[in-house]
Amino acid sequence: MTTCLHMLLLAALLASSAAAPLSRIGGIDVMGDFTDVQTIGNIAYVAGGATGLMIFDVSDASSPKLLGSSADCIGCNTTAQYVTVVGTTAYVVPVHYYDTPGPSYTVFAIVDVSTPSSPRQLG
């Protein structure tokens with residue numbers, strides 16, 4: 001689903017002109033149930049449910065580009081419910097983290113996103 005990214009692009013449209021009629025300005029078809037998004041500059045960090053963390057270039061709102069995802073990240077959590085980015089570090093809360101007890105249990109993943117095409121789990 002692209003619901004969350006569409007909402008992001010809609011918010012950008014609203015911010016640019018509150019009086020203008022609403023219209024879709026762009027989107028991208030990717031798998032996932034988007035649950036959270038944070039933008040920093042022209043980069044959107046999206047929590048995509050079972051698809052994990054996805055990183056998009058939204059500099060051209062009419063044609064956003066997928067730069068990378070946690071699927072490209074060896075050892076990263078494969079699910080994402082929430083994401084917060086501080087600097088070049090993303091803090092990702094996985095979906096249903098409370099249902100996965102055991103030695104590999106984590107409440108959240110810490111991911112280096114300094115190179116968006118190659119996210120790397122730090123902890």
Side-chain angles (χ1 to χ4, degrees):
M1 295 286 156
T2 59
T3 306
C4 208
L5 191 56
H6 288 171
M7 289 173 54
L8 168 72
L9 297 175
L10 179 60
L13 177 64
L14 286 172
S16 66
S17 177
L22 300 178
S23 63
R24 179 179 172 178
I25 57 174
I28 186 171
D29 291 325
V30 293
M31 296 295 293
D33 296 320
F34 294 178
T35 57
D36 196 19
V37 64
Q38 180 177 353
T39 58
I40 298 176
N42 292 322
I43 305 295
Y45 302 88
V46 177
T51 306
L53 173 66
M54 291 179 277
I55 305 168
F56 295 91
D57 177 348
V58 292
S59 57
D60 178 0
S62 67
S63 182
K65 305 273 188 273
L66 178 64
L67 297 175
S69 73
S70 57
D72 303 321
C73 176
I74 295 172
C76 283
N77 270 316
T78 58
T79 64
Q81 183 76 32
Y82 304 103
V83 61
T84 296
V85 181
V86 178
T88 59
T89 305
Y91 300 89
V92 181
V93 177
V95 175
H96 306 298
Y97 66 87
Y98 48 83
D99 288 338
T100 57
S104 62
Y105 177 83
T106 57
V107 174
F108 61 89
I110 301 170
V111 181
D112 176 357
V113 292
S114 58
T115 305
S117 60
S118 302
R120 180 174 61 89
Q121 185 159 340
L122 300 174

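Small disclaimer: the values here were computed from a predicted structure and weren't measured. Values reported hereafter were calculated over all heavy atoms of this structure, with side chains retained and with hydrogens, waters and symmetry mates removed.
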Peer 1: Rounded to the nearest 0.5 Å, what's the gap from CZ on R120 to CD1 on I110? Could you check?
Peer 2: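 Between R120 CZ and I110 CD1, I get 12.0 Å after rounding to 0.5 Å.
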
Peer 1: Which residues pass the side chain to side chain donor-acceptor pair (under 3.5 Å) test with T88, not counting sequence neighbours?
Peer 2: none

Peer 1: Where do S63 and K65 come nearest, in terms of heavy atoms and distance?
Peer 2: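 Smallest interatomic distance, heavy atoms only, reads OG-NZ, 2.7 Å.
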
Peer 1: Among all residues two or more places apart in sequence or in another chain, which pass the side-chain contact (heavy atoms from CB on, under 4.5 Å) test with Y82?
Peer 2: D36, V93

Peer 1: Considering residues at least two apart in sequence or located in another chain, which fulfil the side chain to side chain donor-acceptor pair (under 3.5 Å) criterion with S59?
Peer 2: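 S59 satisfies side chain to side chain donor-acceptor pair (under 3.5 Å) with D57 only.
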
Peer 1: If every non-hydrogen atom of A47 is compared with every non-hydrogen atom of V83, which pair is closest and at what distance?
Peer 2: N-CG1, 4.0 Å

Peer 1: Identify the two heavy atoms, one from T35 and one from A80, that lie closest to each other, and give their separation to 0.1 Å.
Peer 2: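 Heavy-atom minimum between the residues: OG1-O, 3.7 Å.
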
Peer 1: Between S62 and D60, which heavy-atom pair has the shortest distance, and what is it?
Peer 2: OG-OD1, 2.6 Å

Peer 1: Any idea which heavy atoms bring I43 and I55 closest together, and the distance?
Peer 2: CG2-CG2, 3.5 Å

Peer 1: Mind checking what makes side chain to side chain donor-acceptor pair (under 3.5 Å) contact with N42, not counting sequence neighbours?
Peer 2: none

Peer 1: For V113 and L53: C-alpha separation, side-chain torsions, deciding distance, then whether side-chain contact (heavy atoms from CB on, under 4.5 Å) applies.
Peer 2: CA-CA 10 Å; V113 292; L53 173 66; 4.2 Å; yes

Peer 1: Holding to side chain to side chain donor-acceptor pair (under 3.5 Å), I want the full list of residues that pass it with T84, two or more places apart in sequence or in another chain.
Peer 2: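 Per chain and number, T84 pairs via side chain to side chain donor-acceptor pair (under 3.5 Å) with no residue.
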
Peer 1: With rounding to the nearest 0.5 Å, note down the distance linking CG in L67 to OG1 in T115.
Peer 2: 11.0 Å

Peer 1: Which heavy atom of A61 sits nearest to which heavy atom of P64, and what is that distance?
Peer 2: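 Here A61 and P64 meet closest at O-CD, 3.7 Å.
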
